[in-house]
There are 2 protein chains.
Amino acid sequence: MNDEQGSIERCSSNVVHKDVVDLVKERMPEDETLFDLAELFKVFGDTTRVKILFALFTAEMCVCDITALLGLTQSAVSHQLRVLKQARLVKCRKEGKMVYYSLDDEHVKQIFDQGLAHISHK
Amino acid sequence: MNDEQGSIERCSSNVVHKDVVDLVKERMPEDETLFDLAELFKVFGDTTRVKILFALFTAEMCVCDITALLGLTQSAVSHQLRVLKQARLVKCRKEGKMVYYSLDDEHVKQIFDQGLAHISHK
DNA sequence: CAAATATATGAATATATGCTCATATGTTAT
DNA sequence: ATAACATATGAGCATATATTCATATATTTG
């Protein structure tokens with residue numbers, strides 16, 4: 001209402017730097033976008049799924065092989081493959097009784113590389 | 001033990017394509033790396049934290065302003081800032097009673113951009 | 001020092017999530 | 001058709017996690 005230049009008062013849910021908050025608000029993506037982005041990263045946020053994706057960087061694999069590789073239950077693997085597929089990160093093709101999974105995204109590799117870069121200390 | 005070229009039998013925790021599994025195993029990063037990577041993405045896997053990081057792309061902000069921006073409790077924001085700080089994604093500087101948070105990572109922007117690229121349909 | 005304010009933190013709670021178990025579906029071979 | 005096998009899926013459980021509430025800490029002001 002007043003205080004044009006340096007607003008350095010009031011908080012408790014009230015804004016201290018209205019100008020900054022307004023600018024940030026302008027530049028914020030839509031809520032749905034932010035939600036979807038978080039949902040995507042949530043998929044990356046599990047060791048089993050990260051392992052599966054890394055495996056598929058190297059080669060297409062059937063569920064059986066992934067199960068053996070990870071030392072988990074076939075059920076557990078299948079459940080996670082479902083999650084990855086729903087996120088459109090992997091695709092599958094059926095050949096006889098077996099189902100072969102492979103990567104279905106060009107971005108994952110780069111996302112992982114950036115993530116690894118962050119991890120190997122800044 | 002036998003069957004050199006096309007091993008297309010046995011599963012149930014037994015490997016179907018031993019060659020593939022062996023190759024994949026070779027190229028897999030260490031378990032600790034995979035775990036840390038998943039932990040990092042777990043941090044990105046929450047709408048509130050994604051919002052905070054996006055906000056900080058634009059400007060350094062105090063807790064108060066972030067709280068107003070997100071329409072959450074000050075406590076909730078503080079808890080999430082803690083998570084982000086622990087992951088070395090944000091840093092903070094104190095000025096009087098206020099604490100200003102800003103980005104502390106060069107990779108987040110690129111990770112988010114790749115994530116957004118994936119989201120906006122393949 | 002006391003009051004006001006900004007931020008941090010521990011406990012409690014409600015929800016989400018990954019795995020296991022049991023079972024269903026679908027394919028191949030006998 | 002029956003048996004064997006590969007994969008998918010639903011229910012249940014145990015754990016993780018995001019938010020809230022209450023309160024602690026720290027800084028500034030009167």
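Since the model is a prediction, treat every value here as computed from it, not as a measurement. Letters A, B, ... are given to chains in the order of the sequence lines, protein chains preceding strands, and every chain is numbered from 1.
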Could you tell me how far apart B:Lys85 (NZ) and C:dT7 (C1') are, to the nearest whole angstrom? 11 Å
Is any side-chain heavy atom of A:Tyr101 less than 4.5 Å from a side-chain heavy atom of A:Leu84? no
Look for any protein N or O under 3.5 Å of an N or O in nucleotides 16-19 of chain C and output each such pair with its distance, or none.
residue : atom : partner : partner atom : Å
C:dG18  : OP1  : A:Arg49 : NH1          : 3.3
C:dG18  : OP1  : A:Arg49 : NH2          : 2.7
C:dG18  : OP2  : A:Arg49 : NH1          : 3.2
C:dC19  : OP1  : A:Thr48 : OG1          : 2.7
C:dC19  : OP2  : A:Gln80 : NE2          : 2.7

So which protein N/O to nucleotides 23-30 of chain C N/O distances come out below 3.5 Å?
residue : atom : partner : partner atom : Å
C:dG26  : O3'  : A:Lys94 : NZ           : 3.4

Show which side-chain atoms of residues 23-40 of chain B pair as donor or acceptor with protein atoms under 3.5 Å away, not counting sequence neighbours.
residue : atom : partner : partner atom : Å
B:Glu39 : OE2  : B:Lys42 : NZ           : 3.1

Given atom CD1 of A:Ile52 and atom C1' of D:dT7, what is their separation to the nearest angstrom? 14 Å
Every protein N/O within reach of nucleotides 1-3 of chain C N/O, cut-off under 3.5 Å:
none

Would you indicate, yes or no, if D:dA6 has its OP1 or OP2 atom less than 4.0 angstrom from a side-chain nitrogen or oxygen of A:Tyr101? no
Donor-acceptor pair present, A:Ser75 side chain and D:dT9 base, under 3.5 Å: yes
Think B:Arg82 has a side-chain N or O under 4.0 angstrom from the OP1 or OP2 of C:dT9? yes
Could you tell me the separation between the CZ atom of B:Phe41 and the C1' atom of D:dA16, rounded to a whole number of Å? 20 Å
For atom CG of B:Leu81 and atom C1' of C:dT9, their distance in whole Å: 13 Å
Side chain A:Asp65, main chain B:Val15, donor-acceptor under 3.5 Å: no
Residues at least two apart in sequence or cross-chain that pass salt bridge (Lys or Arg N to Asp or Glu O under 4.0 Å) with A:Lys94, listed by chain then number, are none
Which residue pairs pass the side chain to side chain donor-acceptor pair (under 3.5 Å) test with at least one member in residues 47-63 of chain B, sequence neighbours excluded? B:Arg49-B:Gln80, B:Glu60-B:Arg93
